Q: 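I have a structure I would like to understand better, so I am pasting it below and will then ask my questions one at a time.
Each chain gets a letter, A, B and so on, in the order the sequences are listed, and its residues count up from 1. These numbers were taken from a predicted model, which means no experiment stands behind them.
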Amino acid sequence: MKVATWNVNSVRIRLEQVTQWLQDNPIDVLCLQETKVVNENFPRSSFTDLGYHTYVFGQKSYNGVALVSRSPLSDVSMGFGAILPEATVGDLDEQKRVITGVVDGIRIVNLYVPNGSAIDSDKYIYKLGWLKVLREYLQVLLQQSNSLLMCGDFNIALEDIDIHDPKNRATQVMATDVEREALQNVLSLGLADVFRKFTPEGGNFSWWDYRTGAFRRNAGWRIDHHYTTPDLYERSLSCTIDTTPRKLVQPSDHAPVIIEF
DNA sequence: ATGGCGAGAGGATCTCGA
């Protein structure tokens, strides 16, 4: 089974590229982020025509996540509020960033972690608070399942080798110690970075800024991840970044990352 | 030091992303 995560930066603008990629790659579950479309306007038929089921949690203009699966998913839910009490979640589900479902006994959690904008901004505080609630959310799901895959756009580079140039990273959003600790605190529930099981060296990235020719210079960041429980970590056969779609005209700034079991 | 690019909303030029 193959599961991919891909921040497509608007599913409608990228529809042709995404559906073509699905036809070129035998993916069982595609986890999309930044769909930027309300549920009614999600281009479902383009995926159902290819034999996929779609589960969407969208909003206007910003954010939005979706699961696109060859097999029907069970126990699908949207947002933290489906799992956690209202008092814990607060208004975090106003931004559509969380969707989950089960296939072949694997609980898949698809996330679009807040970017954080700039250090000490309100959005940075929001990001850190969001990650705290994420930990509680996973804690509940892990009580129900020992086989969990958490993937998505985390907007955090966990190690210096995940950044093309880490020298200013202490003051850069996505790379601060505080953000890394917040993510490590989530991973301490028993999740591990599958990409690093197969690829210990740096220079492998999943996002390149549209500006300054970042992709041509491979000046990227690895911020899109697959984290799993130990059984899936053992069962994983590969975890790769497909840079092919990033080379197309009018691409997403992220590349898909694929895990195989 | 700043902006570079791209998308959405709306109908010029903003906000937001990373």
Q: Determine the interatomic distance between C1' on B:dG4 and the same-named atom on B:dA18; round to the nearest Å.
A: 13 Å
Q: Are A:Phe57 and A:Ile108 in one and the same hydrophobic cluster, where Ile, Leu, Val, Met, Phe, Trp and Tyr link if side-chain heavy atoms are under 4.5 Å apart?
A: yes
Q: Using a distance-only test with no angle check, is there a side-chain donor-acceptor pair under 3.5 angstrom linking A:Asn7 and A:Glu34?
A: yes
Q: Could you tell me how far apart A:Phe215 (CZ) and B:dG6 (P) are, to the nearest whole angstrom?
A: 14 Å
Q: Considering just the side-chain nitrogens and oxygens of A:Arg14, establish if one lies under 4.0 Å of OP1 or OP2 belonging to B:dG6.
A: no
Q: Syn or anti for B:dG4, with syn set at within 90° of 0?
A: syn
Q: Checking all strands, does A:Thr212 fall into the base, sugar-phosphate, or nothing category for heavy-atom contacts under 4.0 angstrom?
A: base
Q: Quick check for you: to the nearest 0.5 Å, what is the distance between A:Ile106 atom CD1 and A:Phe261 atom CZ?
A: 5.0 Å
Q: Are A:Asp162 and A:Arg169 close enough for a salt bridge, meaning some N to O gap below 4.0 Å?
A: no
Q: Please determine whether side-chain hydrogen bond (donor to acceptor under 3.5 Å, both in side chains) holds for the pair A:Thr5 and A:Gln33, giving the CA-CA distance in whole Å, both sets of side-chain angles, and the decisive distance to 0.1 Å.
A: CA-CA 8 Å; A:Thr5 177; A:Gln33 302 92 35; 2.9 Å; yes
Q: Let me know the distance between CG of A:Asn168 and P of B:dA1, rounded to the nearest Å.
A: 10 Å
Q: Can you tell me how far P in B:dG6 sits from the matching atom in B:dG10, rounded to whole Å?
A: 23 Å
Q: Please give the distance between the P atoms of B:dC14 and B:dG3 as a whole number of Å.
A: 13 Å
Q: Below 4.0 angstrom from OP1 or OP2 of B:dC5, is there any side-chain N or O of A:Gln250?
A: no
Q: Could you give the CG-to-P distance, from A:Leu15 to B:dG8, as a whole number of Å?
A: 12 Å
Q: Classify the ring geometry between A:His225 and A:Tyr227 as parallel (under 30°), tilted (30 to 60°) or perpendicular (over 60°).
A: tilted
Q: Below 3.5 Å between N/O atoms, which protein atoms pair up with nucleotides 16-18 of chain B? Just atom names and distances, please.
A:
residue : atom : partner  : partner atom : Å
B:dG17  : OP2  : A:Lys123 : NZ           : 3.2
B:dG17  : O3'  : A:Glu34  : OE1          : 3.4
B:dG17  : O3'  : A:Tyr112 : OH           : 3.3
B:dA18  : OP1  : A:Asn7   : ND2          : 3.3
B:dA18  : OP1  : A:Glu34  : OE1          : 2.6
B:dA18  : OP1  : A:Tyr112 : OH           : 2.9
B:dA18  : OP1  : A:Asp153 : OD2          : 3.4
B:dA18  : OP2  : A:Tyr112 : OH           : 2.7
B:dA18  : OP2  : A:Asn155 : ND2          : 3.0
B:dA18  : O3'  : A:Trp207 : NE1          : 3.3
B:dA18  : N9   : A:Asn115 : ND2          : 3.4
B:dA18  : N7   : A:Asn115 : OD1          : 2.8
B:dA18  : N7   : A:Asn115 : ND2          : 3.4

